[in-house]
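Have a look at the structure below before the remarks.
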Number of protein chains: 2
Amino acid sequence: MSAHNQLAIVASCAGDPARANMLSMLMDGRAFTAGELSAAAGVMPQTASGHLARMVDAGLLVVAQQGRHRYYRLASLQVGQMLEGMMVVAAADPSARRFGPRDQAMRFARTCYDHLAGQLAIGIADRLVAAGHLVLADDGGEVTASGRAFLSRQGLDLHAQPHRAFCRPCLDWSERRYHLAGTLGTRIKESFLAQGWIVQKPASRTVEVTRLGRRKIRDIYGVRLES
Amino acid sequence: MSAHNQLAIVASCAGDPARANMLSMLMDGRAFTAGELSAAAGVMPQTASGHLARMVDAGLLVVAQQGRHRYYRLASLQVGQMLEGMMVVAAADPSARRFGPRDQAMRFARTCYDHLAGQLAIGIADRLVAAGHLVLADDGGEVTASGRAFLSRQGLDLHAQPHRAFCRPCLDWSERRYHLAGTLGTRIKESFLAQGWIVQKPASRTVEVTRLGRRKIRDIYGVRLES
DNA sequence: GGGATGTTTCGGAATCGGCCGAAGCGTCGG
DNA sequence: CCGACGCTTCGGCCGATTCCGAAACATCCC
């Protein structure tokens, strides 16, 4: 009944392979149907249903009914951040440094709750830091004056949201380096999507960079994307 | 074998009540012996031993032998941040807003890996902000000129550490508000400890404010501590 | 050396939790 | 109205995990 007990309840939700797979898929912030999540977890629908109910009960997920579909998504930004933190620790284990081909596309570019991650996001963060537009330390980040000027020239809305870090470093689990999160990270992702530089794959967190995106990201951010 | 699977392994470590209790205790960054952790978890030593071995294996804990004692502590700052994120989510569940008397002392004052948390830490952060010594925005924190003068008068070392934010807001899971983290947060905790204003309870994250500490914190920081 | 203490390993019992088959409920389309 | 579809609930099986008693190992103190 104490707070510690509640910690165990929350943690055990992510502590099962089927649920971990579902949570991984939901980490991009989108909502998925029970059927999609059941396929991603590799279990029968009735098994997935039980898992999903449990996660809703623990406060990790919320559900919205739409016709005969039920859409599940992460309950809050905090849940996404919790999962990010867990991915960082999980990927740090040297005994698990094996990545299959399925992971390769995800290592290249993916969404991380509400911002971009993978080599694409790290490239952008690196260039912004190198250009003096950004400072990313281990537990905090900051946009410089030149950074504000540069980013607003790209048409990005630089207004902070209440109760939300504007510029936050997020340790990339696949690359073990920092990329950009927080409100600014969200704005960049939204801007890339809106301009057609990237497209989200229908049932995965993987992101595909379009031909236009490749050119623009190279010209504006100086990031050269291979493969 | 994929990264998702590793997530489940890490998460399941915290997903057992006994292990969750141990991790909660270890969250203040100190090292504890297997015996202390077994008592905190409420299980027999031989049971705790198995749990601890499993967490070391998963990369959450590291162990150091000292004589006939074995001291366990969190393996990295990232593990602490992961647990902090899990506590935020766990405490957010409205169905678990019940706090027993044991939690009351922890809500009042405790350590959060390397800085102070709870009502004490929030009171100090509030007063520093109100006095214009500190700006704690959602996009990070900053110490003002008057703040630097004030804090150095208190004998605090204001030199920044490389790769570490100097002043960072940290969401308090028990109060749902920001307190002070980063290098400055660490310095304040160290200073309070060194001056005998607070003492760490031997086997818990709870911090006790001494009579001297109560007076000093009231006189210098203007925080009136009840209870 | 001998006894006490702290910690780990082993083995067996009980329990917990995941999984799927079968069945029930609501929604959509014709 | 009927069948198809998506999802959930129920019941039983089974493997995994937790727990502790007993015993072994290491270290400290006398």
Side-chain angles (χ1 to χ4, degrees), chain A residues 1-2 4-26 30-58 60-73 202-203, chain B residues 1-2 4-26 30-58 60-73 202-203:
Chain A
M1 284 307 123
S2 90
H4 299 163
N5 227 314
Q6 199 64 19
L7 171 63
I9 292 173
V10 167
S12 67
C13 278
D16 170 81
R19 287 194 293 266
N21 280 330
M22 296 186 195
L23 288 170
S24 271
M25 183 158 174
L26 289 164
R30 284 185 290 177
F32 292 96
T33 67
E36 289 171 318
L37 292 166
S38 125
V43 293
M44 291 286 109
Q46 62 268 34
T47 304
S49 177
H51 286 312
L52 291 166
R54 176 168 171 176
M55 291 192 279
V56 169
D57 201 53
L60 265 66
L61 265 43
V62 289
V63 59
Q65 184 134 15
Q66 210 165 84
R68 54 182 161 181
H69 295 280
R70 298 190 76 175
Y71 283 92
Y72 290 89
R73 61 181 169 81
Chain B
M1 284 304 125
S2 95
H4 299 161
N5 225 316
Q6 199 63 18
L7 171 65
I9 292 173
V10 167
S12 67
C13 276
D16 171 81
R19 288 193 293 266
N21 280 330
M22 297 186 194
L23 289 170
S24 270
M25 183 159 172
L26 290 164
R30 284 186 292 177
F32 292 96
T33 67
E36 290 171 319
L37 292 166
S38 123
V43 293
M44 291 285 108
Q46 63 267 33
T47 304
S49 177
H51 287 310
L52 291 166
R54 175 168 171 175
M55 290 193 280
V56 169
D57 201 53
L60 266 65
L61 265 44
V62 289
V63 59
Q65 185 136 11
Q66 211 165 84
R68 54 183 161 181
H69 294 279
R70 298 189 77 172
Y71 283 91
Y72 290 88
R73 62 182 168 79

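The analysis underlying the following values was restricted to heavy atoms, covering all of them including side chains, and did not include hydrogens, waters or symmetry mates. Numbers restart at 1 for each chain; the letters A, B, ... are given by sequence-line order, proteins then strands.
Distance from the side chain of A:A34 is smallest for D:dT8 among the nucleotides D:dT8, C:dC19, D:dT18. Residue A:T33 has its side chain nearest to D:dC7 when only D:dC7, C:dG21, C:dT9 are considered. Closest contact between the side chain of B:V43 and the listed nucleotides D:dC20, D:dT17, C:dC19 involves D:dC20.
The distance from atom CE of B:M55 to atom P of C:dT7 is 14 Å, rounded to the nearest whole Å. Rounding to whole angstrom units, CG of residue B:N21 and P of D:dT18 are separated by 14 Å. As rounded to whole Å, 7 Å separates atom P of C:dT8 from atom CG of B:L52. At whole-Å resolution of the value, CE in B:M22 and P in D:dT18 are 11 Å apart. Look at CG on A:D16: it is 13 Å from C1' on D:dG15, rounded to the nearest Å. Regarding B:M44, its CE atom lies at a distance of 19 Å from the P atom of C:dA14, rounded to whole Å. Between B:Q46 atom CD and D:dC25 atom P there is a gap of 17 Å when expressed in whole angstrom units. Taking atom CG on A:L37 and atom P on D:dG6, their separation rounds to 14 Å, with Å as the unit.
With hydrogens and angles ignored, no donor-acceptor pair under 3.5 angstrom links the side chain of B:R70 to the base of C:dT7.
Closest of all the heavy-atom pairs between A:Y71 and A:Q66 is CE1-OE1, 3.8 Å.
Counted within 6.0 Å of CZ on B:R30, heavy atoms from surrounding residues, nucleotides or ligands total more than 12; the atom is thus considered enclosed.
Summary of the strand contacts: A:S12 and A:Q66 both lie near DNA chain C, and taking for each the nucleotide with the nearest heavy atom, the more 5' one is attributed to A:S12.
Residue B:T47 places no side-chain N or O under 4.0 Å from the OP1 or OP2 atom of D:dC19. OP1 or OP2 of C:dT27 has not a single side-chain nitrogen or oxygen of A:H69 nearer than 4.0 Å. Side-chain nitrogen and oxygen atoms of B:H51 include at least one within less than 4.0 Å of the OP1 or OP2 phosphate oxygen of D:dC19. Within the 4.0 Å cut-off from OP1 or OP2 of D:dT18, at least one side-chain nitrogen or oxygen of B:R19 is found. For A:R68 and D:dA4, the shortest distance from a side-chain N or O to OP1 or OP2 is not below 4.0 Å.
Residue contacts for B:Y72: at a heavy-atom cut-off of 4.0 Å it reaches the sugar-phosphate backbone alone, with no base atom in range.
Between the CG atom in B:L52 and the CZ atom in B:R70 there is a gap of 9.5 Å [rounded to 0.5 Å]. Annotation: the span from A:N21 atom CG to A:H51 atom NE2 amounts to 10.0 Å, rounded to 0.5 Å. Put simply, OG on B:S12 and CZ on B:R19 are 6.0 Å apart, with the number rounded to the nearest 0.5 Å.
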